[in-house]
Protein chains: 2
Amino acid sequence: MKTASLDALELLFKALADDTRLRILALLAAGEVCVCNIHGALDLPQPTVSRHLAYLRRSGLVSARRDGLWMHYRLALPAAPALAAVLKASLEAVNAASSSTSDRRKLSDLVSIPLKTLNAAAANCCRT
Amino acid sequence: MKTASLDALELLFKALADDTRLRILALLAAGEVCVCNIHGALDLPQPTVSRHLAYLRRSGLVSARRDGLWMHYRLALPAAPALAAVLKASLEAVNAASSSTSDRRKLSDLVSIPLKTLNAAAANCCRT
DNA sequence: GCGCTATATTCGCTTCAACGTATATGGAAA
DNA sequence: TTTCCATATACGTTGAAGCGAATATAGCGC
């Protein structure tokens, strides 16, 4: 097993140690989401969301895909298995939080996908 | 499964998002350790260690036991299963880091316990 | 080219956490 | 009680991180 440095772990935890970023990750657990829908679902100013997404991108926790004007973000598991394991456990814990569900409810309205589908996808995101 | 709030998760990650605290946790993974040996093994000023231990205590990640003049600290798993799972994965990742091993080597000198024993105990600390 | 929209970045400010130093507490031994 | 030792806490300073507001970039349509 590739050994993760303490520094890398510290950076991972710093990235996770913020309420807004945890809420974003919980949304992305359900699949790829557009920036506009993130800031719509979380009801946060667009620059705030953008700054946190940049932070997550620098930390390697998410990746971005451009589609015309829209940017879609999705989860990206770290290369080091130990880090990936930590992240998976963290996502499972985040998914269980009730506020994550209510954020997903709002996202479900915005993208017209049933809440049940989103929740199922989120529950599946950290499998194996 | 008892659901952990996002706030609790954020606090957990804040507690983990510090190099010194990760090194302390890595030592405690090998078992109960006295404050003097922590600041001896990590080669950090005593007030620094004490402050971080207080932080970890407030976060519920460690518990303390007084023995005469000495204070012994040990790991304490959070009550919420989701949080405990995150912590376990984190400890496994921390244990794998090479700097943790060199800290344990120094601890091994201080307490006259073979490094192999400490490493084995640390590897076992997060089992099931 | 121009304007329009979605996203990203910069600026100034405030809040917070870590540090070193010094000091306080709390228990043991004389 | 006095003294000493291990640990904890208080104080003042410093640097990093978050935010709101404003501005910049990047791609699409006209």
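- In terms of position on DNA chain D, the residue among Ala64(B) and Thr20(A) whose nearest nucleotide sits closer to the 5' end is Ala64(B).
- Applying the 3.5 Å distance criterion, the base of dA6(D) shares no donor-acceptor pair with the side chain of Gln46(B).
- In this structure, CG of Asp19(A) is placed 16 Å from C1' of dC16(C), rounded to the nearest angstrom.
- Note on Leu115(A): it does not cluster hydrophobically with Leu28(A), by side-chain heavy-atom contacts below 4.5 Å among ILVMFWY residues.
- A donor-acceptor contact shorter than 3.5 Å is absent between the side chain of Ser63(B) and the backbone of Ala76(B).
- Of the listed nucleotides (dG18(D), dA18(C), dG20(C)), dA18(C) has the atom at the smallest distance from the side chain of Tyr55(B).
- Not one side-chain nitrogen or oxygen of Tyr73(A) sits closer than 4.0 Å to the OP1 or OP2 atom of dA6(C).
- Rounding to the nearest 0.5 Å places CZ of Arg23(B) at 7.0 Å from OG of Ser102(B).
- Within a 6.0 Å sphere centred on CZ of Arg74(B), other residues, nucleotides and ligands contribute 12 heavy atoms or fewer.
- The residue among Arg66(A) and Pro47(A) whose nearest nucleotide of DNA chain D is located toward the 5' end is Pro47(A).
- With distances taken from any side-chain atom of Arg57(B) to the nucleotides dT9(D), dC19(C), dA8(C), the minimum falls on dT9(D).
- Considering only the side chain of Arg51(A), dG20(D) comes nearest among dA22(C), dG20(D), dT7(D).
- Atom CZ in Arg58(A) sits roughly 13 Å away from atom C1' in dA16(D) (whole-Å rounding).
- Nearest nucleotide to the side chain of Val35(B), out of dT7(C), dA8(D), dT9(D): dA8(D).
- Side-chain proximity of Leu69(A) to dG20(D), dA6(C), dA8(C): nearest is dA6(C).
- Look at CZ on Arg65(B): it is 13 Å from P on dA8(D), rounded to the nearest Å.
- One interatomic measurement links the two molecules: CG of Leu42(A) to P of dC19(D), which rounds to 12 Å at whole-angstrom precision.
- Taking only side-chain nitrogens and oxygens, His39(B) never comes nearer than 4.0 Å to OP1 or OP2 of dA6(D).
- Put simply, CD1 on Ile38(B) is 9 Å from P on dT7(D), counting in whole angstrom units.
- One can place CG of Leu44(B) at 14 Å from P of dT7(D), the figure rounded to the nearest angstrom.
- Taking atom CG of residue Asp67(B) and atom P of nucleotide dG27(C), one finds them 12 Å apart after rounding to whole Å.
- Look at CG on Asn37(B): it is 17 Å from P on dC5(D), rounded to the nearest Å.
- OP1 and OP2 of dT9(C) both lie 4.0 Å or more from every side-chain N or O belonging to Ser50(A).
- Under 3.5 Å, the side chain of Arg21(A) and the base of dG18(D) form no donor-acceptor pair of N or O atoms.
- Salt bridge status for Lys88(A) with Glu92(A): absent, with no side-chain N to carboxylate O gap under 4.0 Å.
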